[in-house]
4 protein chains.
Amino acid sequence: MDDWRVPDPSSLPPILEAALECFARGGYHGTSTRELAEAAGLSVPGLYHHYPSKQAILVDLDRFAMNSLWSRSNAALADGPQDSLSRFDRLIECLLLLHAQSATLAFVAFSEIRSLEPEFRAEHIASRDRQQSLLDEVVADGVRDGYFSTPHPRDAARAITSICMGVSQWFRPDGELDPAGVAERYGEICRQAAGYVGRASSR
Amino acid sequence: MDDWRVPDPSSLPPILEAALECFARGGYHGTSTRELAEAAGLSVPGLYHHYPSKQAILVDLDRFAMNSLWSRSNAALADGPQDSLSRFDRLIECLLLLHAQSATLAFVAFSEIRSLEPEFRAEHIASRDRQQSLLDEVVADGVRDGYFSTPHPRDAARAITSICMGVSQWFRPDGELDPAGVAERYGEICRQAAGYVGRASSR
Amino acid sequence: MDDWRVPDPSSLPPILEAALECFARGGYHGTSTRELAEAAGLSVPGLYHHYPSKQAILVDLDRFAMNSLWSRSNAALADGPQDSLSRFDRLIECLLLLHAQSATLAFVAFSEIRSLEPEFRAEHIASRDRQQSLLDEVVADGVRDGYFSTPHPRDAARAITSICMGVSQWFRPDGELDPAGVAERYGEICRQAAGYVGRASSR
Amino acid sequence: MDDWRVPDPSSLPPILEAALECFARGGYHGTSTRELAEAAGLSVPGLYHHYPSKQAILVDLDRFAMNSLWSRSNAALADGPQDSLSRFDRLIECLLLLHAQSATLAFVAFSEIRSLEPEFRAEHIASRDRQQSLLDEVVADGVRDGYFSTPHPRDAARAITSICMGVSQWFRPDGELDPAGVAERYGEICRQAAGYVGRASSR
DNA sequence: TATGAATGAGTCTTCATTCAT
DNA sequence: TATGAATGAAGACTCATTCAT
């Protein structure tokens, strides 16, 4: 099972889909409820029939993004050989695919953290930390097993996270690379960032 | 001359300094002119005496950040040995230092792009592209000269940019690393991301 | 027949009962149809099945209050000796009982006059004037028959009305006095307000 | 000094004056901020320059009314002979004058209690109780000194309060009685309500 | 009658901005 | 430049009401 590789376009409810587009274009504070409603094909009170507030829409969007990231990451880690290099490769592939396939969602979830009210910001940060710990672990395992030579695994993991999240900043569906291409090319760069020493030499 | 290494705290005019703090905390749209004025120790009309609009403040802040990045980068490139590896190292060091020393400024300049009106957004993007071309060139030179093995220099440069900009997201003055520490540790990671093959073996 | 002395709790239809409580707590404009529906155990469209508008509910409530006041007053006047003092006493007793027993209804009917649309406000005022004329007549008769010494019967009647209506402002079911106690104690005060000269001396 | 007898028309700030008229006509919840602003000859933000909220306007109006009632009452009690009947008469005169002269203000302060948010409602009620205690005391003193025969002084005081407050419900500047006429005629009724036994017979 | 979904008009409030002083 | 006062436009949100099911 490798569902974690395929995009799931059907999953975002239409109102969130519309909100996503609005927030990506104008930002949370730069988007009015009128715009949100119009984008969703509703009147303003119609929008409020489904969500109690503008903030609640952002929160739902953010939760969707973070949950999707988490569940796909775990699926990727579990799906295949369990040696640390394979796990690293699959997790990176998953992150890169997602940040390319769902670039807009990832972008908004990342750039609107400050727009979340404290309670939900804390929730987001907890999700983000939990997510980061997956990568920390995988890089540390790779170092332990001799795949990676980085003397600072946590910094390498942080750099790798920046690379993956950076994808959502520049990825365009009509660009040179498709998501799979991004995953391959930047997956290799992430390996290097961790100080990959080569399969052969490490054994 | 290595002024590009030292922070220049005096350079941000007080109003921009105050605005920076406000925008960092609440975002551009989340900050009112009343807050800006108060943070700057001015009345609202007093603020308008210095700047014709809220947007103009953001624009000035953004220009300051991009110009500082540009001029320091060029100073770094010019300041020392001109072999491509040295130039790469100094440019990376400059970028990392700046994103740590001026993390807030870099963060705001990056995260408020969408808050710029079209004209100024275009200006920002031009600056950003011009800036990116510096790194593209340095990486390409490094590949040409055998320092780097990456088969995709532009992608490596993009990944490196993500690493450097990422610093402004997580850097805290009271954290484990000081700016110089960041520059050293993440400088090494950036080298790896470009596929650094070692000084010796490359000659 | 002295039904006019006993409260008639069954008589307020449940929807009006619920609306009464809502209006008493938050006022007409401060109560939403959603609250009305919920208080009545109905959905909003369910509420509109019974009443064509929120205003119609208030109107019904108001009519109920004014009609009840009117019919009980007439029953009280008719029920017993027809000398003017007895008629005065019974009318006052009726008013005081009602304003204590149905304090909430009286309170709402009185305090939401301004919330009635012009047509219904006029109707309310007509009812109120008709009601006041009962008291005017009874006081005037008492003066004519030598029971009361007030030189200004209409003003005395107005003061008495204030006393009776005032009951609905302060009466609490768990207070010191029960409705009958209120009727007795304040009935005496109302007599005094009319300049009661004593049964004996007046004959 | 008998300032407590003369109306003080200059004292209500113009915005409160305008709000008073609006609230009297349509009620607090029935009056929009737009109406308030227009009545005050301001734009809506102009109104908010002077008051932070609609509620704050009502609170100010209410405080003004209650403070005026309190300070005039005390002035009336202090101004003249200190025997309990004179004090009773002057307090009643003061209350009646005020409820006629400032009928609208008294009406609004009374009828919008439920529109005050809990904190300010509590404040109002404290003022009202403090005010009522003045009358309780004066009636009790009158009973003690043999001026009044009422067996229930507190109930008599409550009835008298209802009479005085009732004035603000029906008083019209162009009506039969002017404020002084109201004070005289209803002052006598209030005496009767307390069971006035006559100056002579009481000595 | 209950329900979910919807809406035009309106709510209070705040915005960036200006002007007279 | 500071201040108090002001405003048109817009903000998020709620209202009473309706309709298809």
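It should be emphasised that the depicted structure is a prediction, and the values quoted were computed from it without experimental measurement. Heavy atoms only: backbone and side chains are in, while hydrogens, waters and symmetry mates are out. Throughout, protein chains are lettered first and strands after them, A, B, ... in sequence-line order, and every chain is numbered starting at 1.
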Please state whether the phosphate of dT1(F), meaning OP1 or OP2, lies under 4.0 angstrom from any side-chain nitrogen or oxygen of His50(B).
yes

With Tyr28(B) via ring-ring contact (aromatic ring centres under 6.0 Å, His included) - residues at least two apart
Phe23(B)

To check you understand the geometry: which heavy-atom pair defines the closest contact between Ala65(B) and Leu105(B), and what is its length?
CB-CG, 3.7 Å

Does Phe110(A) have any ring-ring contact (aromatic ring centres under 6.0 Å, His included) partners at least two apart in sequence or in another chain, and if so, which?
none

Over all atoms of both residues, closest heavy-atom pair of Thr104(D) and Ala24(D):
CG2-CB, 3.4 Å

Going by side chain to side chain donor-acceptor pair (under 3.5 Å), name the residues that satisfy it together with Arg130(C), two or more places apart in sequence or in a different chain.
none

How far does NE2 of His124(A) sit from CG of Leu116(A), to the nearest 0.5 angstrom?
7.0 Å

Pull out every residue in residues 25-43 of chain C that has a heavy atom closer than 4.0 Å to any atom of DNA chain E, ordered by number, or say none.
Leu42(C), Ser43(C)

Taking only nitrogen or oxygen atoms into account, show me every contact under 3.5 Å that the protein makes with nucleotides 19-21 of chain F, one pair per line with its distance.
none

Just grab all the salt bridge (charged side-chain N to carboxylate O under 4.0 Å, His left out) pairs involving residues 108-118 of chain B, residues at least two apart or on different chains.
Glu112(A)-Arg114(B), Arg114(A)-Glu112(B)

Test item: Ser102(B) side-chain N/O and His99(B) main-chain N/O as donor-acceptor pair under 3.5 Å
no

Rounded to the nearest 0.5 Å, how far does CG of Leu20(C) lie from CD1 of Ile57(C)?
12.0 Å

Side chain to side chain donor-acceptor pair (under 3.5 Å) pairs, two or more places apart, involving residues 34-48 of chain B
Ser32(B)-Glu35(B)

In this structure, how many angstroms lie between the C1' atom of dC12(E) and the OH atom of Tyr51(D), rounded?
18 Å

So what is the 5' to 3' dot-bracket string for DNA chain E, if pairs are Watson-Crick or G-U wobble with both distances under 3.5 Å, crossing pairs use [ ] and | means the partner sits on another strand?
.||||||||||||||||||||

Spacing of Ile57(C) atom CD1 relative to dC15(F) atom C1', expressed in whole Å:
15 Å

Could you state the interatomic distance from CD1 (Ile15(C)) to CG (Leu36(C)), rounded to the nearest 0.5 Å?
9.5 Å

Using the C1' atoms only, state how far dT1(E) lies from dT21(F), rounded to an integer number of Å.
12 Å

I want to confirm an ordering. Mapping Lys54(A) and Gln55(C) to their closest nucleotides on DNA chain F, which one lands closer to the 5' end?
Lys54(A)

Side chain to side chain donor-acceptor pair (under 3.5 Å) partners of His29(D), counting only residues at least two apart
none

So which of residues 114-122 of chain B are in contact with DNA chain E, with a heavy-atom cut-off of under 4.0 Å?
none

5'-most contact on DNA chain E (nearest-nucleotide basis), Val44(D) vs Leu47(A), goes to Leu47(A)

Hey, does the side chain of His49(A) come within less than 4.0 Å of dA5(E)'s phosphate (OP1/OP2), counting only N and O?
yes

Atom OH of Tyr48(B) and atom C1' of dT18(E): how far apart are they, to the nearest Å?
9 Å

Output all residues satisfying salt bridge (charged side-chain N to carboxylate O under 4.0 Å, His left out) with Arg63(C), sequence neighbours left out; order by chain, then residue number.
Glu123(C)

Between atom CG in Leu58(B) and atom P in dA16(E), what is the gap in whole Å?
13 Å

If the condition is salt bridge (charged side-chain N to carboxylate O under 4.0 Å, His left out), which residues does Arg25(B) pass it with, not counting sequence neighbours?
Glu21(B)

